[in-house]
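Please read the structure below before turning to the comments.
The figures that follow rest on heavy atoms only: side chains count, while hydrogens, waters and symmetry mates do not. Naming: A, B, ... by sequence-line order, numbering from 1 per chain. Since this is a predicted model, take the numbers as computed values, not measurements.
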Protein chains: 2
Amino acid sequence: MTTTGLEGFSLLDETWRAVTPDAARRMLIAAAHAFAGKGYHATTTRDIASLAGMSPAAVYIHYRSKEELLFNISLVGHETSLTLLSGIEGTGAVERLRNAVAAFAGWHAEFHTTARVVQYELGALSPEHHAEVAELRRQIEQRMRAYIADGIKEGVFDVPDLKGATLAVLSLCIDVARWYQPSGKRTPDEIGALYADLVLRMVRPN
Amino acid sequence: MTTTGLEGFSLLDETWRAVTPDAARRMLIAAAHAFAGKGYHATTTRDIASLAGMSPAAVYIHYRSKEELLFNISLVGHETSLTLLSGIEGTGAVERLRNAVAAFAGWHAEFHTTARVVQYELGALSPEHHAEVAELRRQIEQRMRAYIADGIKEGVFDVPDLKGATLAVLSLCIDVARWYQPSGKRTPDEIGALYADLVLRMVRPN
DNA sequence: CTTAGCGCTAAGCGCTCGCTTAGCGTGCAG
DNA sequence: CTGCACGCTAAGCGAGCGCTTAGCGCTAAG
């Protein structure tokens, strides 16, 4: 019996599957939990190491700095959510936007630990690292805008301001990471379905 | 000519008008700027003092701790936004919800500095202080829900899930504090109008 | 059996943190 | 003019920070 507090987690979350070796992955998962719970600056490298069940110095075997841990989490998180949003299928713009919002909002609930780091710790990245994830964020915005624009072309959506509507839809999904609690009444899938419904109401024509 | 970086600010923002003496107010404003810009934990008491144009020890003349500075900002910010949301007028539920969303979203843009501290630094408050602002947050939620519920009773709104819709509307407004930049294209009033419009589309009947 | 390589730990370095203490300078009551 | 109260500063304390260094124990090739 270990006492790291991460026993059941690494098995449930497949986000970090590709990270090797094992100790480096445990360190990343521990860091993601700590950053999500207390914020990057309030987390010490000793917190991360002890969550991962190792000594403080072990962090620096696999990562050059605490900021590099953050960057790895942020990069993988952005890539995962972009991939998710890019792989949306559906017949017609209505179904595609429904699936996109359900998936994107649902991801921010189900993986709220990673999502919180992704969305709220951007400012702690180095300028170079920040620029790298900013490019991914631009692609996420373009994808969502395209799903809405498709519906306008098809004539099934009507919005007064495409950029404004895209901003609002993304904003709605992202903010799920802030308020979501696993102990709450709604499951990630229910949140996805609720939000998809609300967004479709927002963009439907009169 | 001083070099505190706060020259034009205190005159523009009336949120802190009631805080006296003058040095205590300057300290609060400096802290709000620093917390909003870098986060509570990344801000040092030396940062705050030098932004306010005073020595590091001066912080402790007016406040017992750095956390007490945060609590004051959070409390006044929550009270201000609750007062704003409570004073909404309008003939009919449609106009009241329009005005409520415009005001609440607009506040999160115009006073995004305070709003960021209010919305994203709750976790740095002591348990006692957190409980105090949590009660104000409950009241804010109740107010917004009442505006939506009024429209359902009047028969001018139709939502599948009142609590879910309230959550989404508040979420949308709150997240403005995250992405808003004064250098952006939209003014706070324009954001308020855009969001009010989108929310009314979301709750309108078929 | 020897030994090189590697993942990891024990110990600790230099630094900066939140906060405290001692005392200075100003203004005002007597 | 004296003396004291008050707002503030200069200096610094103990603690804990990110990160480094020296070296341990295990594995496996020769």
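Residue A:E135 places its CD atom among more than 12 non-hydrogen atoms of other residues, nucleotides or ligands, all under 6.0 Å distant.
For the pair A:Y147 and A:N99, the minimum side-chain heavy-atom distance is 4.5 Å or more.
A straight line from CZ of A:F35 to C1' of D:dG18 spans 12 Å, rounded to a whole angstrom. Atom pair B:E68:CD and C:dG18:P shows a separation of 15 Å (rounding to whole Å applied). Following rounding to the nearest Å, B:R64 (CZ) and C:dT20 (P) show an atom-to-atom distance of 11 Å. At whole-Å resolution of the value, CE in B:M54 and P in C:dG25 are 17 Å apart. Distance, A:Y63 OH to C:dC8 P: 11 Å, rounded to whole Å. Rounded to an integer number of Å, the gap from CD1 of B:I48 to P of C:dC17 is 11 Å.
Listed pair A:T45 / D:dG18 meets the phosphate criterion, a side-chain N or O lying under 4.0 Å from OP1 or OP2. Within the structure, a side-chain polar atom (N or O) of A:H62 is placed less than 4.0 Å from OP1 or OP2 of C:dC8.
A residue-by-residue look at A:H41 and B:P21 shows that B:P21 has its nearest nucleotide of DNA chain D further toward the 5' end.
Considering only side-chain atoms of B:Y60, the nucleotide from C:dG12, D:dT9, C:dT20 that sits closest is C:dT20. The side chain of B:I61 approaches D:dC8 more closely than any other nucleotide in the set D:dC17, D:dC8, C:dT9. Taking the side chain of B:A57 as heavy atoms from C-beta on, and the options D:dC19, C:dG18, D:dA11, the nearest nucleotide is D:dA11. Of the candidates D:dC17, C:dC19, C:dC8, the closest approach to any side-chain atom of B:R46 belongs to C:dC19. Each of D:dC8, D:dC19, C:dC19 was ranked by its minimum atom distance to the side chain of A:P56; first place goes to D:dC19. Side-chain proximity of B:S55 to the nucleotides D:dT9, C:dA10, D:dG18 is greatest for D:dT9.
For D:dG14, the paired nucleotide is C:dC17, the pair qualifying as Watson-Crick or G-U wobble because both relevant distances are below 3.5 Å.
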Kindly determine whether B:R25 and B:H62 satisfy side chain to side chain contact (heavy atoms under 4.5 Å, CB included), including the steps that lead there. CA-CA 9 Å; B:R25 179 171 55 250; B:H62 302 287; over 6 Å; no
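Each of B:R145, B:Q139, B:M144 was compared with B:E141 under the side chain to side chain contact (heavy atoms under 4.5 Å, CB included) criterion, and only B:R145 meets it.
Side chain of A:R26 to backbone of A:A23: no donor-acceptor contact under 3.5 angstrom is found.
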